Amino acid sequence: MTNSQSGAQPQPFSGMNLAGAVDLEALKHKVDAAAGESGGAPAAGGYVTDVDSSGFESMVRMSATYPILLLMWQSDDNRYFDLAGKLADIVNGLKGQMQLARMDIGSNPQIAQALRMQGAPALYALIGGRPMPILQGMPSDDELAQVRDQILPQLIAAARQSGITGNAPYIGDDSPDSSDSTQGSGGQDASDAGDAGPSGPQIPAGHEEAYGFARNGEYAKAAAAYKKIAESDPHDSVAAREYAKAALLDRNGTSDVRAVRQAAGDDPDSVEAQMDVADIDMIGGHIEDAFSRLLDFLAAGHKQNTDAVRQRLLEYFAIPEAGDDRVRRARARLSALMY
């Protein structure tokens with residue numbers, strides 16, 4: 001592509017200075033946008049979300065579950081509205097294979113600096129916590145078509161090859177059917193506890209602190225807070241589920257998928273290595289694979305690890321919806337292996 005090399009390898013974030021100067025022409029467009037001449041900025045929803053610097057770390061972590069397309073734009077500048085709308089249509093058409101996250105440059109200059117932005121708008125892919133530049137500057141129709149028809153399918157395929165196969169969460173009252181993922185099976189992502197309503201998620205009483213930790217990507221703190229709630233009320237299934245998901249993401253939400261799988265292959269008798277791979281499978285939405293890996297490990301003669309495997313499986317069992325047939329079958333097999 002003319003704006004950026006789409007085949008560039010992901011690079012870690014760094015604190016390079018943002019090039020460029022104040023865009024005086026943008027002032028007119030900001031006034032126009034505020035006046036509503038273009039109908040206002042396209043709203044988030046579906047598989048499109050808005051994120052700021054406080055939620056950036058959480059977004060980066062979640063790119064280990066599903067790929068994310070990051071649009072750096074100015075939400076009060078009507079020159080970007082058409083692009084934002086077209087990208088939303090493209091990503092929503094992928095039905096959860098990818099999420100579009102939008103970040104306002106003016107409100108989050110430190111993120112723009114970390115991404116080495118040289119022009120706006122800018123588009124990046126986030127896969128496994130690492131950014132990949134796609135384009136900088138306003139794309140032509142041909143370039144946007146290339147993003148839609150070539151680049152995004154290639155990114156999704158690359159993510160799947162790395163074990164990143166989860167579905168992005170759907171934002172709205174009526175979520176479409178989704179594939180076998182942690183989000184689809186558990187109702188919502190660990191950062192979205194409670195039931196979604198017209199004005200946003202309804203947080204159960206007493207869950208506010210734990211929810212806040214999860215929303216900010218502080219999964220260790222979220223897990224501790226949800227565990228305390230679950231221990232005080234064993235009937236609180238929401239706390240049990242959110243604890244399991246927060247603990248899962250804290251353990252392996254940012255792990256190198258290939259390294260984890262390699263370690264398990266190199267040491268098939270290590271219960272820690274096998275549980276790490278099972279975590280990766282759960283994060284990626286391969287729930288039956290996670291169950292089978294740990295149950296097969298016990299069946300192979302590792303009876304001394306029964307308690308550790310049982311505890312991990314009980315966490316996993318809390319994540320899918322109640323009555324999930326996969327959980328029923330796994331529980332029955334676990335009981336048979338224990339006695």
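Computed from a predicted structure; not experimentally measured. These numbers come from the heavy atoms of this one structure, side chains and all, not from hydrogens, waters or symmetry mates.
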Quick one: closest heavy-atom pair of [X] and [Y], and the distance?
X: Ser63; Y: Gly129; result: OG-N, 2.7 Å
X: Ala222; Y: Ala246; result: CB-CB, 4.0 Å
X: Ala120; Y: Ile105; result: CB-CD1, 3.5 Å
X: Ala84; Y: Arg102; result: CB-NH1, 4.3 Å
X: Ser75; Y: Asp104; result: N-OD1, 2.7 Å
X: Gly85; Y: Pro42; result: N-CG, 4.0 Å

To the nearest 0.5 angstrom, please state how far the [atom1] atom of [X] sits from the [atom2] atom of [Y].
X: Met98; Y: Leu126; atom1: CE; atom2: CG; result: 9.5 Å
X: Leu123; Y: Leu70; atom1: CG; atom2: CG; result: 7.5 Å
X: Gln97; Y: Leu155; atom1: CD; atom2: CG; result: 12.0 Å
X: Gln74; Y: Arg79; atom1: CD; atom2: CZ; result: 7.0 Å
X: Arg333; Y: Leu313; atom1: CZ; atom2: CG; result: 10.0 Å
X: Thr306; Y: Leu337; atom1: OG1; atom2: CG; result: 8.0 Å

Quick check: do [X] and [Y] have side-chain heavy atoms less than 4.5 Å from each other?
X: Met117; Y: Ile111; result: no
X: Arg310; Y: Leu294; result: no
X: Pro121; Y: Leu83; result: yes
X: Leu87; Y: Leu144; result: yes
X: Val60; Y: Glu57; result: no
X: Leu298; Y: Lys303; result: no
X: His302; Y: Asp269; result: yes
X: Tyr66; Y: Pro169; result: yes

Verify, without hydrogens or angle tests, whether Tyr316 (side chain) and Asp279 (backbone) share a donor-acceptor contact under 3.5 angstrom.
yes
Keeping the roles fixed (side chain from Asp250, backbone from Tyr219), state whether a donor-acceptor pair exists under 3.5 Å.
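Such a contact is absent between Asp250 side chain and Tyr219 backbone.
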Yes or no on side-chain contact (heavy atoms from CB on, under 4.5 Å) for Arg148 and Lys86, after CA distance, side-chain angles and deciding distance?
CA-CA 10 Å; Arg148 180 194 64 216; Lys86 289 177 178 177; over 6 Å; no
Return each pair, listed once, that meets ring-ring contact (aromatic ring centres under 6.0 Å, His included) where at least one residue sits in residues 84-130; pairs must be two or more places apart or across chains.
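Counting only pairs at least two positions apart or across chains, no ring-ring contact (aromatic ring centres under 6.0 Å, His included) contact touches residues 84-130.
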Quick check: is [Y] connected to [X] through a chain of hydrophobic side chains (ILVMFWY, heavy atoms under 4.5 Å apart)?
X: Ile68; Y: Ile280; value: no
X: Met62; Y: Ile287; value: yes
X: Leu248; Y: Val277; value: no

With distance as the sole criterion, is a donor-acceptor pair present between the side chains of Gln274 and Arg312 under 3.5 Å?
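Short answer, no.
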Between Asp142 and Ser140, do the side chains contain an N or O donor and an N or O acceptor separated by less than 3.5 Å?
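Distance-only check fails for Asp142 and Ser140.
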Who else is in the cluster with Phe213 when I, L, V, M, F, W and Y are joined by side-chain contacts under 4.5 Å?
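Traced through the cluster, Phe213 reaches no other member.
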Checking Val147 against Ile90 for the side-chain contact (heavy atoms from CB on, under 4.5 Å) test, could you report, in this order, the C-alpha distance in whole Å, the side-chain angles of both residues, the deciding distance, and whether it holds?
CA-CA 9 Å; Val147 169; Ile90 291 169; 5.6 Å; no
Salt bridge check, Arg328 against Asp325: does any charged N sit closer than 4.0 Å to a carboxylate O?
yes
Quick one: do Arg293 and Asp289 make a salt bridge, cutoff under 4.0 Å?
no
Glu209 CD: over 12 foreign heavy atoms closer than 6.0 Å:
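It does not: Glu209 CD has 12 such atoms or fewer within range.
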Once side chain to side chain donor-acceptor pair (under 3.5 Å) is applied, do any residues pair with Arg61, and if so which ones, sequence neighbours excluded?
none
Option from Lys227, Arg241, Arg251 for which salt bridge (Lys or Arg N to Asp or Glu O under 4.0 Å) with Glu315 holds:
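Going through the options one by one, the only one that passes is Arg251.
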Identify each donor-acceptor pair in which a side-chain atom of residues 255-263 lies under 3.5 Å from a protein atom, sequence neighbours left out, and give them as a table.
residue, atom, partner, partner atom, Å
Ser255, OG, Asn252, OD1, 2.6
Asp256, OD1, Arg258, N, 3.1
Asp256, OD1, Ala259, N, 3.1
Arg261, NH2, Asp281, OD1, 2.8
Gln262, NE2, Asp266, OD1, 2.8
Gln262, NE2, Asp266, OD2, 3.3

Using side-chain contact (heavy atoms from CB on, under 4.5 Å), reason through Asn92 and Val48 one step at a time and then give a plain yes or no.
CA-CA 7 Å; Asn92 282 328; Val48 181; 4.1 Å; yes
Report the C-alpha separation of Tyr47 and Leu94 in whole Å, then their side-chain angles, then the decisive distance to 0.1 Å, and conclude whether the side-chain contact (heavy atoms from CB on, under 4.5 Å) test is met.
CA-CA 9 Å; Tyr47 296 104; Leu94 294 173; over 6 Å; no
Could you tabulate the donor-acceptor pairs under 3.5 Å formed by side-chain atoms of residues 232-239, not counting sequence neighbours?
residue, atom, partner, partner atom, Å
Ser232, OG, Lys228, O, 3.4
Ser232, OG, Ile229, O, 2.7
Asp233, OD1, His235, N, 3.1
Asp236, OD1, Val238, N, 3.3
Asp236, OD1, Ala239, N, 3.0
Asp236, OD2, His207, NE2, 2.9

Qualifying residues under ring-ring contact (aromatic ring centres under 6.0 Å, His included), relative to Phe291, sequence neighbours excluded
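ring-ring contact (aromatic ring centres under 6.0 Å, His included) list for Phe291, sorted by chain: Phe317.
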